[in-house]
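Scope of the values below: all heavy atoms of this structure, side chains included, with no hydrogens, waters or symmetry mates. None of the values given here were measured: they were computed from a predicted structure.
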Amino acid sequence: MATSKSVLPKLPPIPPELVDAANALVPYLNDASRTLGEKLAAIYAYLDRFAPFVRTFATCSMGCAHCCKIDVQITTLEAEYIQMMTGVPYRPGAGLSTGHKDACPFLAKDRGCGIYRHRPLACRIYHAVGDPEDCKPGRIQMQYGGPPDHGNPIYASYVRWLHFTMAEIGGTVRDIRDFFPCRA
């Protein structure tokens, strides 16, 4: 496997207003009168506000789509949300598959995301940083975000919230292809 000689750039600190907005979302997420769908939509709306900051240093660009061929773990809640917002039915059951090389079922022929406005958390928080060449197959991808144990702490808190919520309601975490096995 080819390796990159790129060095991860020094990332700017998260702007205070985005930290404040993330903190302001906590009571909403703890409000028992809100549905899980409303809470998920609120997280997505916050991340849409966060995106312009990330674009100041991420190398991602429309049509790149290299990350659309990696495993994309989503929760039952997100599959239900995608179904509700797009009308594409999801498949319950089935186990978690890994090691995908085929494209996400929602990757369009123009290499755009067919569910971009309703894409899952994993897609919203995965951003390549550094040399854009590192996104090519066989290269080491440097990401901003990542799993709960490293990366952006705000992203990590939403991943933890989502996984804790799924554990509480008996939902599952599977690859997007397990929920939506066919191209939409």
Side-chain angles (χ1 to χ4, degrees), residues 1 35-51 54-55 58-129 132-148 151-152 155-156 158-184:
M1 173 186 289
T35 68
L36 291 178
E38 290 171 325
K39 293 175 183 183
L40 185 63
I43 290 172
Y44 288 173
Y46 168 80
L47 292 173
D48 288 347
R49 285 183 57 198
F50 200 91
V54 173
R55 281 194 290 274
T59 58
C60 301
S61 61
M62 185 174 262
C64 171
H66 287 299
C67 60
C68 298
K69 293 182 179 175
I70 63 175
D71 293 342
V72 179
Q73 293 184 5
I74 70 171
T75 63
T76 305
L77 176 61
E78 292 172 292
E80 290 172 354
Y81 182 84
I82 291 168
Q83 177 178 289
M84 181 179 71
M85 301 307 286
T86 67
V88 177
Y90 79 94
R91 180 177 69 176
L96 170 65
S97 62
T98 60
H100 291 277
K101 304 265 187 271
D102 57 321
C104 170
F106 295 107
L107 183 62
K109 288 184 176 148
D110 67 359
R111 298 177 54 86
C113 177
I115 59 166
Y116 188 80
R117 287 184 41 222
H118 313 297
R119 69 199 184 283
L121 184 64
C123 300
R124 291 171 187 269
I125 67 173
Y126 188 90
H127 307 286
V129 295
E133 291 293 308
D134 290 333
C135 288
K136 291 183 177 177
R139 300 294 297 258
I140 297 172
Q141 293 178 347
M142 297 172 287
Q143 69 174 345
Y144 176 72
N152 178 320
Y155 287 177
Y158 295 137
V159 170
R160 280 192 294 273
W161 176 86
L162 190 55
H163 286 247
F164 175 79
T165 299
M166 284 300 89
E168 287 288 303
I169 66 169
T172 62
V173 177
R174 302 186 347 236
D175 188 82
I176 196 166
R177 296 160 194 86
D178 299 327
F179 285 108
F180 301 96
C182 301
R183 284 202 171 298

Checklist line | Between NE2 on residue H66 and SG on residue C60, distance to nearest 0.5 Å | finding: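 SG of C60 is found 11.0 Å from NE2 of H66.
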
Checklist line | Six-ring centre of F106, R119 cation under 6.0 angstrom, axis tolerance 45° | finding: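 No - R119 does not lie over the ring of F106 by the 6.0 Å and 45° rule.
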
Next item on the list: Determine, for Y46 and R49, whether the Lys NZ or Arg CZ falls below 6.0 Å from the six-membered ring centre while staying within 45 degrees of the axis.
Entry: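 So R49 doesn't make the cation-pi contact.
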
Heavy-atom pair of closest approach, residues [X] and [Y]:
X	Y	answer
C104	R177	N-NH2, 3.6 Å
I74	I82	CD1-CD1, 4.4 Å
F180	V88	CE2-O, 3.5 Å
L96	R174	CD1-CA, 3.4 Å
I115	P120	CD1-CD, 4.3 Å

Next item on the list: Please work out which of the three classes, parallel, tilted or perpendicular, describes the rings of H127 and Y155, given edges at 30° and 60°.
Entry: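 Correct class here is tilted.
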
Note to self: One pair to check against side chain to side chain donor-acceptor pair (under 3.5 Å): T165 and E168. What are the steps and the verdict?
What the structure shows: CA-CA 5 Å; T165 299; E168 287 288 303; over 6 Å; no

Check: Can you check whether Y90's main-chain N or O pairs, donor with acceptor, with Q83's side chain at less than 3.5 Å?
Finding: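 Indeed, once roles are kept as given, a pair shorter than 3.5 Å links the two residues.
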
Notebook entry, point to check: Do T76 side-chain atoms and T172 backbone N/O form a donor-acceptor pair below 3.5 Å?
Noted result: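 Between the backbone of T172 and the side chain of T76 there is a qualifying donor-acceptor contact (under 3.5 Å).
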
Note to self: Taking R117 first and then D48, would you say they form a salt bridge - that is, a charged N and a carboxylate O separated by under 4.0 Å?
What the structure shows: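 A salt bridge is absent here (no side-chain N lies under 4.0 Å from a carboxylate O).
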
Item checked: Residues D71, T98; criterion side chain to side chain donor-acceptor pair (under 3.5 Å); working and verdict -> CA-CA 6 Å; D71 293 342; T98 60; 4.8 Å; no

Note to self: Can you confirm whether I169 sits close enough to L36 that some side-chain heavy atom of one is under 4.5 Å from a side-chain heavy atom of the other?
What the structure shows: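 Heavy-atom side-chain distance check passes, below 4.5 Å.
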
Notebook entry, point to check: How far apart are the C-alpha atoms of Y44 and E78, what are their side-chain angles, what is the distance that settles it, and do they pass the side chain to side chain donor-acceptor pair (under 3.5 Å) test?
Noted result: CA-CA 11 Å; Y44 288 173; E78 292 172 292; 3.1 Å; yes

